[in-house]
Amino acid sequence: MSRYEPAVTEPKWQSVWDKAGVFLAHHDKARPKYYVLEMFPYPSGRIHMGHVRNYTMGDVVARYKASCGFSVLHPMGWDAFGMPAENAAMERGGHPKDWTYSNIADMRAQMKPLGLSIDWTREFATCDPEYYGQQQAMFIDMMEKGLVYRKAAVVNWDPVDMTVLANEQVIDGKGWRSGAAVERRELTQWFFRISDYSEELLEALDGLKDWPEKVRLMQANWIGKSRGLQFAFDTVGAPAGHEKLDVYTTRPDTLLGASFAAIAPDHPLARALEATNPAVAAFVADCRKGGTSEEAIETAEKIGFDTGVRVKHPLDPTWEMPVWIANFILMDYGTGAIFGCPAHDQRDLDFARKYSLPVTDVFEAVEGGVAVGTDAFVPLKSERVRYVKGFAGETIQTGEEAVATAIAYAEEKGFGHGVTNFRLRDWGISRQRYWGCPIPVIHCAKCGVVPEAKANLPIRLPDDVTFDVPGNPLDRHPTWRDCTCPQCGAKARRETDTMDTFVDSSWYYARFTAPHAATPTDAAEADYWMNVDQYIGGVEHAILHLLYSRFFARAMHATGHLPAKAIEPFNALFTQGMVTHEIYMTRDATGRPVYHLPEDVTDGKLADGTAVEIIPSAKMSKSKKNVVDPMSIIEAFGADTARWFVMSDSPPERDVEWTASGAEAAFKHLGRVWRLAHEVDTRGAGDASQDAALLKAAHRAINDVTLGIEGFAFNKSVAALYGLANAVSKSDASAGAKRQAMTIMAQLMSPMTPHLAEEIWAMLGGSGLVAKAPWPKADPALLQDDTIILPIQINGKRRAEISVPKDMPAAEVEKLVLADETVIKVLAGSTPKKLIVVPGRIVNVVI
RNA sequence: GCCCUCGUGGUGGAAUGGUAGACACGACAGACUCAAAAUCUGUUGGCGCAAGCCGUGUCGGUUCGAGUCCGACCGAGGGCACCA
């Protein structure tokens, strides 16, 4: 008998699919369409297990939907711009373009053997001029619609390399190459007006029913809508022009607990003081040290500086408070100035204790109030508290009520007004880097900043650049910057900033519907294929990428590139977990960790017998060497084994731990299925009386596998398929029934292990390709059980069970329960307090 | 620091508020074999001879009934606007 040989059968079926064009997406108006998209990869050069898992999930959905009769679009492309290509050029020489395209070729070659049902004719990379040229055209359209503007914004500045650093390149406040202390510096940058859409992006979240709740929550928190009070303090001793200090607060009810005002280091008042006061200038310079990330700012030590300027309390002009500059106040949020109420804000309290500022309780717990010590009293706003320093509303009220009445009070007295604020900031897209989409704008001495003429697009990146000097090669290119003004024809200078790579990934889903159109999209194609019915990717993109894409789809609609129905481009979203692996570690003579590859470790020991320390389940990363190369798994066991493994056991949204034994077990199981199919006619005598039971098992599997796929619980589909394999293996049913069961098995397995499924399908005489066969339907009559086992609980603990017809009325069930031996014994003649019968589920006897 | 998620046997995990541990890995025992591999069969949460008792990170609450809902805490992970 021959064996299960994926190395032979997998390439065979891939070539059959390819020749038949099975996976080409057809714009077929007669059929419903289904668009499955996995987040496209960055072309690092090697695929990893996370990719295998991500693309297998999408493939399962794509193949399943195709067999359900949908016209499926399942494309693939490359998120190809970005820093790693420039870093590679700096470290190893070569050109980012060559590095990127060669990586794409490598990764495509590694993905093809997985047998994914992808329409490769639609492939593109975001660094193709054909793609980014269309992106430039949309940028110009967005400029015309007023969705683009320039303003000053802070960047991480490396004073030694004289270059802008990404947050990732700032390590402990130092530049990653130079080691110099990073400073925050202002540059004029390009922005998209995403904040114009704050309200809409927030409200539309409610309509995204098939998105994970946690993603919607994270986005809502990120947009951060708040209602608060804005008012102006009168200042005392401030420079001219700063007679008022505008502040914003979400807790105006705590106004009588104020003990200081604080402004951001970049606040105009701080700037004015800095100009004349060297002590302020020194402090502000200190604040500007370190990176720009919110994390860096929030976790930095809280420092402050008393400016000597004072403000008058709006409720009591005789009450003056100091104005401090504090490094944790963000200029981008609210007015860049606050008042501190230490008793009810932990950060303010820490600040007040550090600088010996007063702490005044405004409210306390309704029952047993205690004065604030080292922990601020910050109850939920929905909780009722007793105001000891209130000025509007009831003494006992919730925070929400108190805030509303405080705003009303301020408006009535005329010292402030209610304001709705959003945390969401406009999207800064300028990057001072080479390997990105050039911003299609020209700086003309006469006309100012003007868009490039569309006829001149794409503005291509020049190839003749070098990376031997830090900084943006476009900025120092001898001729690329030179151009003529599209308005007046005079000599002008080209913009040298390129776009954030998030722009590239904010519309690729739309481009896949017409990847080679001469405009960004083709209306008819976009209308047929949009929206993405199922989007699949890592939860690490829950906020930025998805929010930017939602904005960009709206901008594309506003500029006529997408239909109105596509402003929420992703109907359903699924966020999958990571692939993890144990880390194997030893230590060198100095105690520093040394990591070892999984293939070098057997039974917890290295080849030389040294025991390794095992650190459980960590994200696969090259630096920790806990990586498994998908290619070696495919070579050893075949693509179907890798696919089967990543679909088994772990629910898709959770992390999956890669284990060598698990991979082997997956391979063994596929071999077993192959054997079961091979032996349908030869094993056992065959007992036709068992046919019905086997058929029932097969139909239960159809039901369970289908539910698993529909519900994104592929691990449950896999479990159901194990169940069916066990049923076939144990059954003595006739050859015909086994053949039928294994044919169903082939169909049910085809989304996950498509090559094996084709092989079995062909072996059993199925017609055509299983990839094109319609999905089997479960016969509802075969899913029913006539009698069920009903557990009996006594006081919530399971004590007995009875077997009853499945739709027996509750009254009759009660009789049977009370007649049960165990129940009689426990009751010992008494009557139960309560008898709860949950039909078809359980009985609880309360005594 | 802030936002979000997760925590169940030796392991991965299953369980519309209703029998905790489906399915699988591993382990153990057996069959086949000269032997091994492969394959097949069985056992497998802990304690206990047993009846039974205890068990879903910890503590508390709601409920006839909690892995599931609520609160606090502990631990791990993701994001924090220039990594993608």
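Residue numbers start from 1 in every chain, and the chains themselves are labelled A, B, ... in the order their sequence lines are given, proteins ahead of strands.
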*Within 45° of the ring axis of Trp222(A) and under 6.0 Å from its six-membered ring centre, is that where the NZ or CZ of Arg423(A) lies?*
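Checked: cation-pi criterion met.
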_Ring of Tyr149(A), cation from Arg193(A) - is the NZ or CZ under 6.0 Å from the centre and inside 45° of the axis?_
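Positive - Arg193(A) is close enough to the ring of Tyr149(A) and near enough to its axis.
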*For residues Tyr535(A) and Trp211(A), is any side-chain donor paired with an opposing acceptor at under 3.5 Å?*
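There is no such pair (donor and acceptor under 3.5 Å, judged by atom type) between the side chains of Tyr535(A) and Trp211(A).
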Expected rows: protein N/O vs nucleotides 27-31 of chain B N/O, under 3.5 Å:
none

Quick one: is [N] close enough that its OP1 or OP2 comes under 4.0 Å of any side-chain N or O from [X]?
{"X": "Thr501(A)", "N": "rA84(B)", "answer": "yes"}
{"X": "Arg799(A)", "N": "rU19(B)", "answer": "no"}
{"X": "Asn844(A)", "N": "rG18(B)", "answer": "no"}
{"X": "Lys797(A)", "N": "rC54(B)", "answer": "yes"}
{"X": "Asn715(A)", "N": "rA14(B)", "answer": "yes"}
{"X": "Arg654(A)", "N": "rG7(B)", "answer": "yes"}

_If you assign each of Asn221(A) and Ala720(A) to its closest nucleotide in RNA chain B, which residue comes earlier from the 5' end?_
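Nearer the 5' end of the strand: Asn221(A).
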*Name the residue closer to the 5' end of RNA chain B, choosing between Pro84(A) and Lys716(A) according to the nucleotide with the nearest heavy atom.*
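Looking at the nearest nucleotide for each, Lys716(A) comes out on the 5' side.
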Same-atom distance ([atom1]) from [N] to [M], integer angstrom:
{"N": "rU16(B)", "M": "rG67(B)", "atom1": "P", "result": "13 Å"}
{"N": "rU63(B)", "M": "rG79(B)", "atom1": "P", "result": "41 Å"}
{"N": "rA31(B)", "M": "rA37(B)", "atom1": "C1'", "result": "16 Å"}
{"N": "rG60(B)", "M": "rC40(B)", "atom1": "P", "result": "48 Å"}
{"N": "rU68(B)", "M": "rC6(B)", "atom1": "C1'", "result": "14 Å"}
{"N": "rA22(B)", "M": "rA76(B)", "atom1": "P", "result": "30 Å"}
{"N": "rG7(B)", "M": "rU56(B)", "atom1": "C1'", "result": "9 Å"}
{"N": "rC83(B)", "M": "rG12(B)", "atom1": "P", "result": "33 Å"}

Measuring from the side chain of [X] (C-beta onward, heavy atoms only), which nucleotide among [options] has the closest atom?
{"X": "Lys730(A)", "options": "rC64(B), rG78(B), rU41(B)", "value": "rU41(B)"}
{"X": "Trp222(A)", "options": "rU39(B), rU19(B), rC80(B)", "value": "rC80(B)"}
{"X": "Glu540(A)", "options": "rA84(B), rA20(B), rU39(B)", "value": "rA84(B)"}
{"X": "Ser729(A)", "options": "rU41(B), rC4(B), rC80(B)", "value": "rU41(B)"}
{"X": "Ala166(A)", "options": "rC83(B), rU16(B), rA81(B)", "value": "rC83(B)"}

_Neighbour count >12 (heavy atoms, 6.0 Å) for atom CG, Asn221(A)_ =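 Yes.
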*Under 6.0 Å from the CZ atom of Arg700(A), do we count more than 12 heavy atoms belonging to anything else shown?*
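Yes, enclosed.
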At under 4.0 Å between heavy atoms, what does [X] touch on the DNA or RNA strands: base, sugar-phosphate, or nothing?
{"X": "Val838(A)", "value": "base"}
{"X": "Ala665(A)", "value": "sugar-phosphate"}
{"X": "Val164(A)", "value": "base"}
{"X": "Gly82(A)", "value": "sugar-phosphate"}
{"X": "Lys833(A)", "value": "nothing"}
{"X": "Val155(A)", "value": "base"}
{"X": "Asn726(A)", "value": "sugar-phosphate"}
{"X": "Leu790(A)", "value": "nothing"}
{"X": "Phe502(A)", "value": "base"}
{"X": "Arg347(A)", "value": "nothing"}
{"X": "Pro212(A)", "value": "nothing"}

Specify the closest pair of heavy atoms between [X] and [Y], including all atoms of both residues, with the distance to one decimal.
{"X": "Ala220(A)", "Y": "Leu205(A)", "answer": "N-CD1, 3.7 Å"}
{"X": "Thr250(A)", "Y": "Lys381(A)", "answer": "O-NZ, 3.6 Å"}
{"X": "Ala376(A)", "Y": "Pro342(A)", "answer": "CB-O, 3.9 Å"}
{"X": "Val823(A)", "Y": "Ile792(A)", "answer": "CG2-CG2, 4.0 Å"}

*Does the side chain of Met83(A) come within less than 4.5 Å of Thr501(A)'s, by heavy atoms?*
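A side-chain contact is absent here, since even the closest heavy-atom pair is not under 4.5 Å.
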*asked:* Looking at Asp158(A) and Gly175(A), would you say the former's side chain and the latter's main chain have a donor-acceptor pair under 3.5 Å?
replied: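 Judged by distance alone, no pair lies under 3.5 Å.
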*Is a side-chain donor or acceptor of Asp500(A) paired with a backbone partner of Phe502(A) at a separation under 3.5 angstrom?*
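At least one qualifying donor-acceptor pair exists.
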Calculate the interatomic distance between [X] atom [atom1] and [N] atom [atom2]; express it in whole Å.
{"X": "Leu546(A)", "N": "rG78(B)", "atom1": "CG", "atom2": "C1'", "value": "14 Å"}
{"X": "His541(A)", "N": "rA84(B)", "atom1": "NE2", "atom2": "C1'", "value": "6 Å"}
{"X": "Glu295(A)", "N": "rC80(B)", "atom1": "CD", "atom2": "P", "value": "9 Å"}
{"X": "Ile794(A)", "N": "rG18(B)", "atom1": "CD1", "atom2": "P", "value": "20 Å"}
{"X": "Ile329(A)", "N": "rG1(B)", "atom1": "CD1", "atom2": "C1'", "value": "13 Å"}
{"X": "Leu217(A)", "N": "rC80(B)", "atom1": "CG", "atom2": "P", "value": "18 Å"}
{"X": "Asp504(A)", "N": "rC82(B)", "atom1": "CG", "atom2": "P", "value": "14 Å"}
{"X": "Asp350(A)", "N": "rC2(B)", "atom1": "CG", "atom2": "P", "value": "10 Å"}

*asked:* Distance criterion of 3.5 Å, no angle test: do you see the side chain of Gln432(A) paired donor-to-acceptor with the base of rC82(B)?
replied: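 Yes, the side chain and the base share a sub-3.5 Å donor-acceptor pair.
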*asked:* Return the CZ to CG distance between Arg347(A) and Leu349(A), rounded to the nearest 0.5 Å.
replied: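 The CZ atom of Arg347(A) sits 12.5 Å away from the CG atom of Leu349(A).
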_Dot-bracket encoding per residue of RNA chain B, Watson-Crick/G-U cut-off under 3.5 Å, | denoting interstrand_ = (((((((..(((.....[....)))((((((.......))))))(((....)))..(((((..]....))))))))))))....
Below 3.5 Å, can you tabulate the donor-acceptor pairs from side chains in residues 713-723 of chain A to any protein atom, sequence neighbours excluded?
from      : atom 1 : to        : atom 2 : distance (Å)
Asn715(A) : ND2    : Asp649(A) : O      : 3.3
Ser717(A) : OG     : Val705(A) : O      : 2.9
Ser717(A) : OG     : Ile709(A) : N      : 3.3
Tyr722(A) : OH     : Trp644(A) : NE1    : 3.4

*Decide, for rG79(B), between syn and anti: a glycosidic angle within 90° of 0 counts as syn, anything else as anti.*
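Anti for rG79(B); the angle lies over 90° from 0.
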